[in-house]
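Naming: A, B, ... by sequence-line order, numbering from 1 per chain.
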There are 2 protein chains.
Amino acid sequence: MNYSVSEENYIKAIFHLQGDSGNVTTNDLAAALHTRPASVTDMMKKLKAKKLISYQPYYGFKLSAEGRKTALGIVRRHRLWEYFLAEKLNFDWEDVHEVAEHLEHVSSKKLIDKLDEYLGFPKFDPHGDPIPDSAGHMESDARNMLSETEAHQMVTVAYVSNQSKEMLALLKHRKIRIGTKLEIIKKFSFDQSLEIKPKNQQAFSISETLAKNIFVTHEQ
Amino acid sequence: MNYSVSEENYIKAIFHLQGDSGNVTTNDLAAALHTRPASVTDMMKKLKAKKLISYQPYYGFKLSAEGRKTALGIVRRHRLWEYFLAEKLNFDWEDVHEVAEHLEHVSSKKLIDKLDEYLGFPKFDPHGDPIPDSAGHMESDARNMLSETEAHQMVTVAYVSNQSKEMLALLKHRKIRIGTKLEIIKKFSFDQSLEIKPKNQQAFSISETLAKNIFVTHEQ
DNA sequence: ATAAAATTTTAGGCAAATCTAAAAAATATT
DNA sequence: AATATTTTTTAGATTTGCCTAAAATTTTAT
């Protein structure tokens, strides 16, 4: 029921790596955790003994139902703290992740449920990732690449994948931030550029390059 | 500059034990940390090597200037989180300590300074203990035992040292809580009982036993 | 001042989490 | 199908933080 920081980091990494396909490999996990394959094998034996994963030597591993539940709990803590840091403490959204990496390991259920309530039961963190509720349920990740969204849609900016200074400078100039609502006026097939009109702003056009780095949701 | 959870717990415990007198003994520290004297000796060697304490075998130890600075940083984190839990998340004041024990080890300076600002730079935690500021300065602990306070004074309840169910039940009955303002009407030398009158309440008398467990401040 | 008691330290071990180097197994190549 | 390459596991160390039992030292009592 209670796991070490190290065990939690492995569980979380497996959760993120396994996507919907299923299996995670020793090498991939070692790379994700900046550790060595031998260390991964060691830990996999331990997690298997604790029934958090299924594991066949040489054939990778995947989370058990219990492991998935545990992972969702860790993800919940991480994303609630990210929300808190950005929303209440005014952290820049590119700084929240690192601090949340540490806060997520404080595993008092009471703390997390009260924090959730205090924050107003948010459904998404500042990066636009869904926050599991106390039962482990979360909204499906409804984000799409702006470049792949149909014209004449009204959408809300949820996430920006490239967070370089240059990109952020461009977004700032265009007054686009997380939560900005905008309409897709037209898509030009010649260069895949598109014309958009943020609410309360003039329409302008943006490049495919930019549109591929902006993720939006349809419903709120 | 960055210490393990275990090192931080030792440093904090030495800080609390050394009071103003100075030296802390191996046995006392072992008792405070629920560990064995041999483990204390091991850790003392490590902390000495890191120049956080001065340590002469068989003659106890005390914090160095650097150790004291480190301890104040940990105490600052602990008490700010206690304040946050009580004030923002509505924790009961007897529940904040345990969770803060874990949160205090997340050592991002930026996090703590922003938290401090968010909370409005509080000077005292929910137990009435002073919170060091980011430079390590704090108000002197202005609390006195109610039993040792002069008659005819107007004071504010700041802290209750005994937090047993029985004690809390008595306080609840008397409607005394942290922040309650009360006047000391009279002291009876026969049994050291005293008559007090909480603001907006009738006066009543309390035993010396109770008065010794209630701490009050004079100025606010 | 010596013996008894209490305190502290040393010595040697253990578990968790990591590592390197070598062996084993699976996959890819010719 | 046999060999080479890649991946994974095993074997054996290392570090941190803890333990027990025994030895060393200090303190207390006679």
Quiz item: Between the two end axes of the helix from C:dA1-D:dT30 to C:dT30-D:dA1, each built from 5 base pairs, what angle do you get to the nearest 10°?
Solution: 10°
At under 4.0 Å between heavy atoms, what does [X] touch on the DNA or RNA strands: base, sugar-phosphate, or nothing?
X       : value
B:Pro57 : sugar-phosphate
B:Thr41 : base
B:Ser6  : sugar-phosphate
B:Ser39 : base
B:Tyr10 : sugar-phosphate

Practice problem: Give a yes/no on whether any side-chain N or O of A:Thr25 is located under 4.0 angstrom from OP1 or OP2 of D:dT7. | Solution: no
Quiz prompt | A:Lys45 side-chain N/O to D:dT10 phosphate OP1/OP2 under 4.0 Å | solution = yes
Just the rounded figure in Å: distance from [atom2] of [N] to [atom1] of [X].
X       : N      : atom1 : atom2 : result
A:Tyr55 : D:dT7  : OH    : P     : 16 Å
B:Leu29 : D:dG17 : CG    : C1'   : 14 Å
B:Met44 : D:dG17 : CE    : P     : 11 Å
B:Asn27 : D:dT27 : CG    : C1'   : 13 Å
B:Lys46 : D:dC18 : NZ    : P     : 8 Å
A:Asp42 : D:dA13 : CG    : C1'   : 12 Å
B:Met43 : D:dC19 : CE    : C1'   : 14 Å

Self-check item: Within 45° cone and under 6.0 Å: B:Lys114 NZ/CZ vs A:Phe91 ring
Solution: yes
Quiz item: Is the Lys NZ or Arg CZ of B:Lys88 less than 6.0 Å from the centre of B:Tyr118's six-membered ring, within 45° of the axis?
Solution: yes
Exercise. With DNA chain C as reference, determine whether B:Gly60 or A:Thr35 sits nearer its 5' end, using the nearest nucleotide of each.
Key: B:Gly60
Quiz item: Which residue, A:Tyr58 or A:Val5, contacts DNA chain C at a nucleotide closer to its 5' end, judged by nearest heavy atom?
Solution: A:Val5
Quiz item: What are the bounds, 5' to 3', of the part of DNA chain C that sits under 4.0 Å from heavy atoms of chain A?
Solution: C:dA16 to C:dA26
Practice problem: Show the numbers, then the answer: is there a side chain to side chain contact (heavy atoms under 4.5 Å, CB included) between A:Leu72 and A:Met138? | Solution: CA-CA 9 Å; A:Leu72 283 166; A:Met138 57 182 170; 3.8 Å; yes
Quiz item: Does B:Lys69 NZ have over 12 foreign heavy atoms under 6.0 Å away?
Solution: no
Exercise. Please confirm whether B:Tyr10 and B:Phe61 have ring centers closer than 6.0 angstrom.
Key: no
Kindly say whether [Y] contributes a backbone atom to a donor-acceptor pair with the side chain of [X] at under 3.5 angstrom?
X        : Y        : answer
A:Lys187 : A:Ser147 : yes
B:Thr35  : B:Ala31  : no
B:Glu139 : B:Lys123 : no
B:Arg76  : B:Pro132 : yes

Practice problem: For the pair B:Asp191 and B:Ser193, evaluate side-chain hydrogen bond (donor to acceptor under 3.5 Å, both in side chains) and give the outcome as yes or no after the intermediate values. | Solution: CA-CA 5 Å; B:Asp191 61 356; B:Ser193 68; 2.8 Å; yes
